[in-house]
Amino acid sequence: MIPVLKIPSKGMMSQLKNKYLIIILGPTASGKTDAAIQIAGIFRTKIISADSRQLYKELKIGTAVPDQRQLKSIQHYFIQTISIHDYYNVSMYEQEVLELLNKLFSEKDIVVMVGGSGMYVDVVCHGIDDLPVVDPLIRETLQQRFNDEGIESLRLELKRLDPVYYSKADLRNPKRILKALEIYYMTGIPYSSFLTGPKKERPFKIIKTGINPDRDELYERINQRVNGMIQSGLIEEAKSLYNIKECNALNTVGYKEIFDYLDGKVTLEQAISLIKRNTRRYARRQLTWFRKDKAIAWFRPGEIKNMVDYIKEQTGNFE
RNA sequence: GGUGCCAUAGCUCAGCAGGUAGAGCAACGGACUGAAAAUCCGUGUGUCCUUGGUUCGAUUCCGAGUGGCACCA
């Protein structure tokens, strides 16, 4: 059972007019963590992570969470807070972040948010429609049917049950079809009728900054990060998670390739190359997501001073 | 020094009995309202080493040059 969290009341929210959420986003390995810590230090505030994998307690090396020293210097939220066995989704994240922000803004004028999960960032900025919680049994049944029957019969079913969503859905993407059917079977109401579209307004102001190295530099940073992860014990970490490798949260770059190595499917050398390649691809997908957001002010790694100047300019120069 | 083989996409290579070229990997672009580091869709990016010749036409055939590899000295 998922606890329903209360959205702050209107009275509390009206006081947040001069509060600023500073978002630092960018592709993986672009230097977000360091930048966020420096900037949060300058503004004497705290950091909210918007990272769908650093959330998990059990994951550390492969997700490049901030180290102990960094976590001590600035308080972080949403780092290693839930278990990979827990069910979690962006809507829960939205609720929890709004709750937390309401609390943090009572003592700070500025809060920093850092992360590379575009959907997590967007949900905090614009919200997401409310959907019913789906019974895990329904989800499993549909998943089983997909495994047995393939996508075509589910697609035809969606066409019959929710023609509106069918007409605009990505019909070759099983996840989209399954999601819509889950909601239909949970409620008897078409998924499309839950999608209202309009974006929620937030009572606080949002300033978006991004860090985007040149492509060559980004790939070099990725290579170094991956080599560093191997040296720091990624293989041992993956071994300790091997018996639960089917968990959704472990369908993650860095872990899945090491599992294949442990299964003897690839050599260690191949696994490391694949981690690098898959991280590059992930970074590109992140950039595709961020590119369409024209509100982001872009910087290069190390341009902390420029970022701080930009933030001061946007907030009216107060600290 | 001699002989032979090779030179085509970022890489490994295929191909064209002469009509300006394609495969794997890599790369690049896009979608994305509850597992999003997930999932799905799309794209060939090229002085066919250089230079003469033959030809209506040469990446393809011939000569020379350059570079690489192998073997013989």
Side-chain angles (χ1 to χ4, degrees), chain A residues 2 25-30 32 49-56 59 61-65 82-96 115-136 138-140 142-143 146 151 155 164-165 168-180 182-183 186 190-200 215-216 218-219 222 225-226 229 234 246-258 270 273-293:
Chain A
I2 311 301
L25 47 77
T28 188
S30 57
K32 296 186 297 294
S49 166
D51 188 302
S52 72
R53 290 300 189 266
Q54 293 183 356
L55 275 170
Y56 295 106
L59 310 184
I61 296 170
T63 54
V65 293
I82 61 172
S83 166
I84 47 180
H85 302 290
D86 295 337
Y87 178 78
Y88 200 75
N89 62 47
V90 281
S91 183
M92 294 160 72
Y93 178 77
E94 176 195 11
Q95 294 296 316
E96 290 169 18
S117 301
M119 197 177 188
Y120 279 54
V121 171
D122 282 359
V123 96
V124 170
C125 296
H126 309 120
I128 191 167
D129 287 315
D130 289 325
L131 290 183
V133 175
V134 173
D135 184 341
I138 291 177
R139 181 172 299 126
E140 283 161 29
L142 281 165
Q143 183 64 48
F146 170 64
I151 196 168
R155 198 185 287 159
V164 174
Y165 185 66
K168 63 181 179 186
D170 180 353
L171 299 172
R172 292 203 257 191
N173 191 334
K175 289 202 172 195
R176 302 278 137 74
I177 309 285
L178 286 168
K179 182 71 213 165
E182 275 176 15
I183 297 296
M186 189 66 207
Y191 175 60
S192 56
S193 64
F194 288 94
L195 307 180
T196 61
K199 309 208 159 168
K200 292 177 198 163
R215 200 55 70 94
D216 288 350
L218 178 63
Y219 287 0
I222 287 171
R225 164 172 287 188
V226 172
M229 285 176 176
L234 180 61
E246 302 308 326
C247 268
N248 297 309
L250 286 172
N251 183 5
T252 295
V253 176
Y255 296 96
K256 55 186 174 185
E257 297 84 356
I258 298 293
Q270 287 169 328
S273 293
L274 286 168
I275 293 173
K276 289 173 180 170
R277 183 197 69 182
N278 292 338
T279 304
R280 290 195 292 272
R281 291 179 174 176
Y282 167 51
R284 271 188 260 139
R285 269 179 277 129
Q286 289 177 297
L287 286 167
T288 296
W289 184 290
F290 295 137
R291 241 189 307 262
K292 66 187 169 194
D293 188 343

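To find a chain, count down the sequence lines: A is the first, B the second, and so on, and within it residues start at 1. Side chains included, hydrogens not; waters and symmetry mates left out as well; all remaining heavy atoms used.
- Within 4.0 Å (heavy atoms only), A:Thr28 reaches no atom of the nucleic acid at all.
- For the pair A:Leu55 CG and B:G34 P, the interatomic distance rounds to 17 Å; values are reported in whole Å.
- Among residues two or more places apart in sequence or in another chain, the side chain to side chain donor-acceptor pair (under 3.5 Å) test is passed with A:Arg284 by A:Tyr219.
- A donor-acceptor contact shorter than 3.5 Å is absent between the side chain of A:Lys276 and the backbone of A:Val226.
- Consecutive Watson-Crick or G-U pairing (both distances under 3.5 Å) extending over three or more pairs maps onto RNA chain B as B:1-7 with B:66-72, B:10-13 with B:22-25, B:27-31 with B:39-43, B:49-53 with B:61-65.
- Comparing the C1' positions of B:G24 and B:G15 gives a spacing of 15 Å, expressed to the nearest Å.
- Comparing the same atom, P, in B:U66 and in B:U51 gives a spacing of 15 Å after rounding to whole Å.
- Comparing B:U3 with B:G22, their P atoms sit 38 Å apart, to the nearest whole Å.
- Contacts of A:Tyr255 with the nucleic acid, taken as non-hydrogen atoms under 4.0 Å apart, are absent.
- Here the nucleotide nearest the side chain of A:Leu131, chosen from B:A31, B:C28, B:G34, is B:G34.
- Rounded to whole Å, the separation between the P atoms of B:A73 and B:A9 comes to 36 Å.
- Rounded to the nearest Å, the gap between the P atom of B:C62 and that of B:U54 is 16 Å.
- Residue A:Asp86 is classed as having no contact, given no heavy-atom separation below 4.0 Å to the nucleic acid.
- Annotation: the span from A:Ser273 atom OG to A:Glu257 atom CD amounts to 10.5 Å, rounded to 0.5 Å.
- The residue A:Tyr93 sits apart from the nucleic acid: no heavy atom pair falls under 4.0 Å.
- The side chain to side chain contact (heavy atoms under 4.5 Å, CB included) check on A:Arg291 picks up A:Arg215, A:Leu287, A:Thr288, with sequence neighbours excluded.
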List, with names and distances, any nitrogen or oxygen atoms from the protein found under 3.5 Å away from nitrogen or oxygen atoms belonging to nucleotides 38-42 of chain B.
from	atom 1	to	atom 2	distance (Å)
B:A38	OP1	A:Lys256	NZ	2.8
B:A38	OP2	A:Arg285	NH1	2.3
B:A38	OP2	A:Arg285	NH2	2.7
B:A38	O3'	A:Asn251	ND2	2.9
B:A38	O2'	A:Lys175	NZ	2.3
B:A38	N1	A:Arg176	NH2	3.3
B:U39	O2'	A:Asn173	OD1	2.2
B:U39	O2'	A:Asn173	ND2	3.3
B:U39	O2	A:Asn173	ND2	2.8
B:C40	O4'	A:Asn173	ND2	3.2
B:C40	O2'	A:Asp170	OD1	3.4
B:C40	O2'	A:Asp170	OD2	3.1
B:C41	O3'	A:Arg172	NH2	3.4

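- Between A:Tyr120 and A:Thr288, it is A:Thr288 whose nearest contact on RNA chain B lies nearer the 5' terminus.
- Without hydrogens or angle criteria, A:Asp129 side chain to A:Thr196 main chain gives a donor-acceptor distance under 3.5 Å.
- The CD1 atom of A:Ile128 sits 11 Å away from the C1' atom of B:A36 (whole-angstrom rounding).
- In this entry the base of B:G53 is anti relative to its sugar, with a glycosidic angle more than 90° from 0.
- At a threshold of 4.0 angstrom between heavy atoms, the contacts of A:Arg281 are confined to the sugar-phosphate backbone, with no base atom among them.
- Residue-level contact check: A:Gly62 touches the bases, meaning some heavy atom is under 4.0 Å from a base atom.
- A straight line from OH of A:Tyr165 to P of B:C32 spans 10 Å, rounded to a whole angstrom.
- With rounding to whole Å, A:Phe290 atom CZ is found 17 Å from B:G29 atom C1'.
- Atom C1' of nucleotide B:G10 and atom OH of A:Tyr219 are separated by 13 Å, given to the nearest angstrom.
- With RNA chain B read from its 5' end, the first of the two nearest nucleotides for A:Gln54 and A:Met119 is the one closest to A:Met119.
- One can place NE2 of A:His126 at 13 Å from P of B:U33, the figure rounded to the nearest angstrom.
- Distance A:Asp130 CG to B:U33 C1': 11 Å, rounded to the nearest Å.
- Taking the C1' atoms as reference points, B:U47 lies 11 Å from B:U59, given to the whole Å.
- Here A:Lys276 lies out of heavy-atom contact (under 4.0 Å) with every strand.
- Judged as a ring pair (Phe, Tyr, Trp, His ring centres under 6.0 Å), and not counting sequence neighbours, the contacts of A:Tyr120 are A:Tyr93.
- For the atom pair CD1 (A:Ile183) and CG (A:Leu195), the distance works out to 9.0 Å, reported to the nearest 0.5 Å.
- A:Leu171 places its CG atom 13 Å from the C1' atom of B:A31, with the value rounded to the nearest Å.
- The P atoms of B:A21 and B:A17 are separated by 15 Å, rounded to the nearest whole Å.
- Taken to the nearest 0.5 Å, the OH atom of A:Tyr56 stands 11.5 Å off from the OG1 atom of A:Thr63.
- In this structure, A:Arg280 does not reach the B:C28 phosphate: none of its side-chain N or O atoms is under 4.0 Å from OP1 or OP2.
- Remark: A:Glu182 engages A:Arg139, A:Lys179 in a side chain to side chain donor-acceptor pair (under 3.5 Å) (not counting sequence neighbours).
- A:Arg155 contributes no side-chain N or O that, together with a main-chain N or O of A:Ile177, makes up a donor-acceptor pair within less than 3.5 Å.
- The phosphate of B:C32 has OP1 or OP2 within less than 4.0 Å of a side-chain N or O from A:Lys292.
- Comparing the C1' positions of B:G46 and B:A14 gives a spacing of 15 Å, expressed to the nearest Å.
- Atoms NZ and CG, on A:Lys256 and A:Leu250 in that order, are 11.0 Å from each other to the nearest 0.5 Å.
- Two residues are said to be in side-chain contact when any heavy atoms from C-beta on lie closer than 4.5 Å; A:Tyr255 and A:Leu234 meet this criterion.
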